[in-house]
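One structure is given here, and the rest of the page talks about it.
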Amino acid sequence: MPELIEVESYRTAAARLVGSRITRVECADDRYLRHTVDLLALRSVLEGARLTDVGRHGKVMLLGTDRGHVLGVRFGMTGRLSVDGYEPITELRYGPSGTGDGVRRFGIGTTAGAAWVLDPRRLGSVELDPDLTVLGPDAASLRVDDLRPALRSSRALKAVLLDQQSVAGLGNLLVDESLWRAGLAPGRPAESLGAAEQVRLVRTVVRTVAQLTRRGGSHTGDLQEARDARGACPRCGAALAVDRIGGRTTIWCPGDQR
DNA sequence: CCGGATGTTCACCT
DNA sequence: GAGGTGAACATCCG
């Protein structure tokens with residue numbers, strides 16, 4: 001589930017722990033720790049530290065501590081966050097909705113409560129002091145000047161938008177929805193966009209993220225229903241195309257998107 | 001049984 | 001170097 005919108009809801013839930021002290025760190029499987037030596041090392045760095053802030057960049061949730069270290073949490077496709085039993089998102093399309101121990105991949109206990117990452121497919125990960133310089137500007141506040149360098153590419157427009165190095169936070173659903181709203185074909189070379197199209201694209205991405213956030217998730221787009229049904233374009237009624245672009249299934253309207 | 005799924009990474013081609 | 005493809009990760013669902 002997690003695209004930027006979902007991770008933002010996790011960030012909000014975790015923010016209630018700000019100011020507390022980390023008392024324990026749990027991780028049953030070291031494979032979940034990326035670029036982080038092991039659980040013992042992570043514990044020595046985090047346990048006893050105070051949680052100073054909870055941030056987010058793209059799809060990465062960032063837990064800041066008073067020791068200067070930051071813990072980055074990625075949720076993969078099926079990761080959810082549970083804070084003292086409260087889950088901002090409980091319905092996951094590609095994973096079970098239960099909270100069994102088998103999916104509790106990573107946990108942080110604090111003086112104010114505990115947070116658990118529930119991730120059946122284990123596609124998420126946790127990383128100490130993640131390198132954020134490899135991520136592009138956050139999609140929620142994207143500006144056309146920030147995206148222009150990435151658009152100077154011969155790759156498919158959709159592939160560029162999915163690349164977290166170009167712009168951080170967009171996933172398959174948000175990209176398809178944004179391109180459909182902007183009337184831009186996903187397979188067009190990114191470099192073929194004119195100045196007006198670039199502006200339209202960025203404006204549409206920002207608006208789409210904001211609107212679907214209010215609606216409650218990346219799956220609440222206008223294209224979603226037709227996407228699930230492989231149906232007709234909600235705008236013009238023509239049959240939607242199903243292609244593979246940027247390595248992902250892509251639903252789009254060849255009539256409306258040019 | 002098979003294929004695909006809101007993600008990322010890596011090996012291997014062209 | 002740039003890009004593309006396919007596999008892998010682990011689980012559920014149609």
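Order of the sequence lines sets the chain letters (A, B, ...), proteins ahead of strands, with each chain counted from 1.
The shortest distance between side-chain heavy atoms of Val7(A) and Arg11(A) does not fall below 4.5 Å.
Across the strands present, dT9(B) finds its partner in dA7(C); the criterion is a Watson-Crick or G-U wobble pair with both atom distances under 3.5 angstrom.
Proximity note for Glu3(A) (side chain, C-beta onward) versus dG3(C), dA10(C), dG7(B): the nearest is dG7(B). You'll find that the side chain of Thr249(A) is closest to dA5(B), out of dT11(C), dG3(C), dA5(B). Listed candidates were dA5(B), dT9(B), dT11(C). Nearest to the side chain of Arg34(A) is dT9(B). Among the nucleotides dT11(C), dT8(B), dA5(B), the one closest to any side-chain atom of Pro120(A) is dT11(C).
Look at Arg121(A) and you won't find any side-chain N or O under 4.0 angstrom from OP1 or OP2 of dA5(B). OP1 or OP2 of dG3(C) has at least one side-chain nitrogen or oxygen of Ser154(A) nearer than 4.0 Å. The side chain of Arg244(A) contributes no N or O atom lying less than 4.0 Å from OP1 or OP2 of dG4(C).
Within 4.0 Å (heavy atoms only), Ser125(A) reaches no atom of the nucleic acid at all. Contacts of Arg31(A) with the nucleic acid, taken as non-hydrogen atoms under 4.0 Å apart, involve only primed sugar atoms and P, OP1 or OP2.
Here the rule is side-chain contact (heavy atoms from CB on, under 4.5 Å) with Arg74(A), and of Met61(A), Arg34(A), Lys59(A) only Arg34(A) fits it.
Note: CG (Asp243(A)) to P (dG4(C)) measures 14 Å, nearest angstrom.
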